[in-house]
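In what follows, a structure is listed as structure tokens, so that the remarks can point back to it.
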Protein chains: 2
Amino acid sequence: MVGRVDVARLAGVSPAVVSYVLNDSHPVAPATRERVVAAIDELGYRPNALARSLATARTHTLGLLLPESANPYFARLSSAIEDAAFEAGFAVLLGNGVDSTARELGYVRAFLDRRVDGIIAVPGGDFAEGWRELQAAKVPAVSLDRLQAGIDLPSVVVDNAGGARAATEHLIEHGRTRIACLTGGEGLSSAQERVIGWRGALADAGLPAEDRRLAFTPFSVEAGHAATLELLERDPAIDAIFAGSDTQAVGTLRALADVGLRAGEDVAIVSFDGTPISDYTTPRLTTVVQPYAEIATEVVRMLLTLIEDPAQDRSRLHRVLPTTLLRRDTCGCGPAARSDAERVPALAGASATTTRIEQNQTEPKEFL
Amino acid sequence: MVGRVDVARLAGVSPAVVSYVLNDSHPVAPATRERVVAAIDELGYRPNALARSLATARTHTLGLLLPESANPYFARLSSAIEDAAFEAGFAVLLGNGVDSTARELGYVRAFLDRRVDGIIAVPGGDFAEGWRELQAAKVPAVSLDRLQAGIDLPSVVVDNAGGARAATEHLIEHGRTRIACLTGGEGLSSAQERVIGWRGALADAGLPAEDRRLAFTPFSVEAGHAATLELLERDPAIDAIFAGSDTQAVGTLRALADVGLRAGEDVAIVSFDGTPISDYTTPRLTTVVQPYAEIATEVVRMLLTLIEDPAQDRSRLHRVLPTTLLRRDTCGCGPAARSDAERVPALAGASATTTRIEQNQTEPKEFL
DNA sequence: TTGAAAGCGCTAACAA
DNA sequence: TTGTTAGCGCTTTCAA
């Protein structure tokens, strides 16, 4: 491995000068600089980032802690983050906490040990201890997608309540009146907020938000399937379901088929997330799309400012991004309706400030 | 930040002794060791991995280069790899090459600069230069999922030909005779091998493998959709399609719906990969499942042995893992058939050695 | 069994 | 404008 002494010798300068041109942190005579540059690429020299980091206390590496990167939602999210980090010149260390407090803590330590400049975390388990160690190490971190009670981490989340409200309002516009809500684990702030949006839309329309039409269950296909069957059993008259995630909605689709109900006709569905899979189902899911690219750039930007200045105004470090209702088939709009935007009037009022409505067949920035 | 000198002072020993107990690389008196251990966790001391790596030339970090981690297949794969790496005590740096040679090279350098112990790559663009730099840096690397012409990297791939053969044979068993093949970009070894399996099964059955029934197109929903329509136009009599990936099969499903053909009835489908999305479609995809966990443990294991001993026998560094045909609905087995294993006779002959047949509704190790 | 000291490859004062 | 030198926090001979 060629080191900067080799470069220095070839260029006929001292090792320090090599550093100067590398980081141009110091004035260097044009002629000298040229010789050094020439030597550098003649030898194919690349500075050792470990040594550099040890000296500068900067690794240009971020830690990304997710519950499970194979989940379509987190996969989409992590891809966007990796992209934003790459743009900013940062590499990312990825860890899946798999909803295990111990494993999450293991990754927090692995990241800290490796001296990442910052950490982005979607906490799954109990993040209290991880958060404590993060603070002790004074490493900037931002909480993504959800908030955890008692932990005042800077955060980037979407307008869950607004998105859920828009989804529910849209179902109401379709004439649905017995609208159920299927959402994630009760411990998750995102799940709770979506319920609030659902309730709000129903209340505004003078419709009841009955508890028997509400189900908290994990964000998974299986859980969505089981919960849908149970909702249907508790109230067979349900004519629409707002599902808190695309994966759950896939389970809902399956459950409806099981009992012989037609999605989008007998029971309308609107889900949340707008992951690629929402476009793979039959019929396609009408869904509240999260702005992945914006989330990613925002969270990376926030982390970088925090790295620059760790002691900045905390109040400005909580961002809520808007979502977009993407009308496809399961809400009842269907292929025919899609060609006639007028049949579904635009939403007005509260949710309009945070939720855009879109008429589209696929997510704008598809990954494939 | 507390360093080992603080620990040493508190324990009343020299800094060196702290190292000794940390790595137990040296005999230490029991009493001394105890004092050091006590000091370590009283102070919450954690060794700086950068400094340690600089001294030992080991980072316990792997670089994982993928085309695009949001793709369901790579998402599934990366999750399995992250898991295997975690088991082995390694962290992983993740990079998406997005089929760009420049970006792939950027990541190879980012990984090399950070002195990863090894690299796992699923090359998308032209990997020649990356491979050159990898060799120059003498950093072990293994090629995953596909091989690249002219590059003799250690590799872990699945039995693409065998899986494709099993898929096609299964379609033949269902009485299909005009079986088309839809597969990935012509430049990909995996795509080519799947075509070979398709041809082989047809040949064995005395069926023609007509070129008009073969299409090379990217592994994406859109491409699968367009290619299916074209195949159908070239030969409207097609009664089955072997799709080289689940994502393409989703496009096929959509195309069939477009032209009013019923999947699993008018046209049977078997796809490849066995990603979670294959279970989200309607009807569910019969698919050739890749052994994600085995692939991951194998590739990590191979990389670790290479790290231990870079100069080992190259011939043993190419592994081909078996796939499993997972019968669901699109092949024609359908829910009814699933309860009667006898209706679909087990395969015999060549493919039996590398392809297991399974009767199951979902992938065994689901991530949700 | 313990300690002193020389690296690992770089940055960054400080001198020249 | 360039060179010298002292770290960065650890491992690891080599002596004691």
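Remember, it's a predicted structure, so these values are computed and weren't measured experimentally. To find a chain, count down the sequence lines: A is the first, B the second, and so on, and within it residues start at 1.
- Separating the CZ atom of A:R4 from the C1' atom of D:dT4 is a distance of 12 Å, rounded to the nearest angstrom.
- By the 30° and 60° cut-offs, the orientation of the rings of A:H26 relative to A:Y20 is parallel.
- Counting to the nearest Å, the C1' atom of C:dG7 and the CG atom of A:L50 are 15 Å from each other.
- With D:dT11, C:dA4, C:dC10 as the choices, the nucleotide that has an atom nearest any side-chain atom of B:A55 turns out to be D:dT11.
- When rounded to the nearest whole Å, the span between NE2 of A:H26 and C1' of D:dT5 equals 13 Å.
- When only modelled atom types and interatomic distance are considered, B:T61 and A:R114 share a side-chain donor-acceptor pair under 3.5 Å.
- Using a 4.0 Å heavy-atom distance criterion, A:S53 is classed as making no nucleic acid contact.
- One interatomic measurement links the two molecules: CG of B:D113 to P of C:dG9, which rounds to 14 Å at whole-angstrom precision.
- Note on B:V13: only backbone sugar-phosphate atoms sit closer than 4.0 angstrom, heavy atoms only; bases stay farther off.
- A salt bridge links A:R103 to B:E82: one of the charged nitrogens lies within less than 4.0 Å of a carboxylate oxygen.
- Within the 4.0 angstrom heavy-atom criterion, only backbone atoms of the sugar-phosphate kind lie near A:A29; the bases stay farther away.
- The residue among A:P15 and B:P27 whose nearest nucleotide of DNA chain C lies closer to the 5′ end is B:P27.
- B:V18 comes within 4.0 angstrom of nothing in the nucleic acid, heavy atoms only.
- For the pair B:R114 CZ and C:dC8 C1', the computed distance is 19 Å after rounding to whole Å.
- Nearest-nucleotide assignment on DNA chain D puts the 5′-proximal partner with A:V28, out of B:M1 and A:V28.
- Dashed line: the shortest gap from a side-chain N or O of B:Y45 to OP1 or OP2 of D:dC10 is under 4.0 Å.
- Looking at B:Q290, its side chain never comes within 3.5 Å of a backbone N or O of B:Y292 through a donor-acceptor pair.
- To the nearest angstrom, P of C:dC10 lies 12 Å from CZ of A:R46.
- For the pair B:N23 and D:dT11, the criterion of a side-chain N or O lying under 4.0 Å from OP1 or OP2 is met.
- For the pair B:D24 CG and D:dT12 C1', the interatomic distance rounds to 15 Å; values are reported in whole Å.
- Between the CG atom of B:L54 and the P atom of D:dG7 there is a distance of 17 Å, rounded to whole Å.
- A:P47 comes within 4.0 angstrom of the backbone, heavy atoms only, and of no base.
- Annotation for B:E34: atom CD does not count as buried by contact number, only 12 or fewer foreign heavy atoms lying within 6.0 Å.
- Residue A:T56 is classed as a sugar-phosphate contact, given heavy-atom separations below 4.0 Å to backbone atoms only.
- Closest to the A:R52 side chain, of the nucleotides C:dC10, C:dT2, D:dC10, is C:dC10.
- Distances shown here put every side-chain N or O of B:S14 at or beyond 4.0 Å from the OP1 or OP2 atom of C:dT2.
- Between the A:T101 side chain and the A:D126 main chain, a donor and an acceptor come within less than 3.5 Å of each other.
- Contact check, A:S19 against C:dT11: a side-chain N or O comes under 4.0 Å of OP1 or OP2.
- A:T32 comes within 4.0 angstrom of the backbone, heavy atoms only, and of no base.
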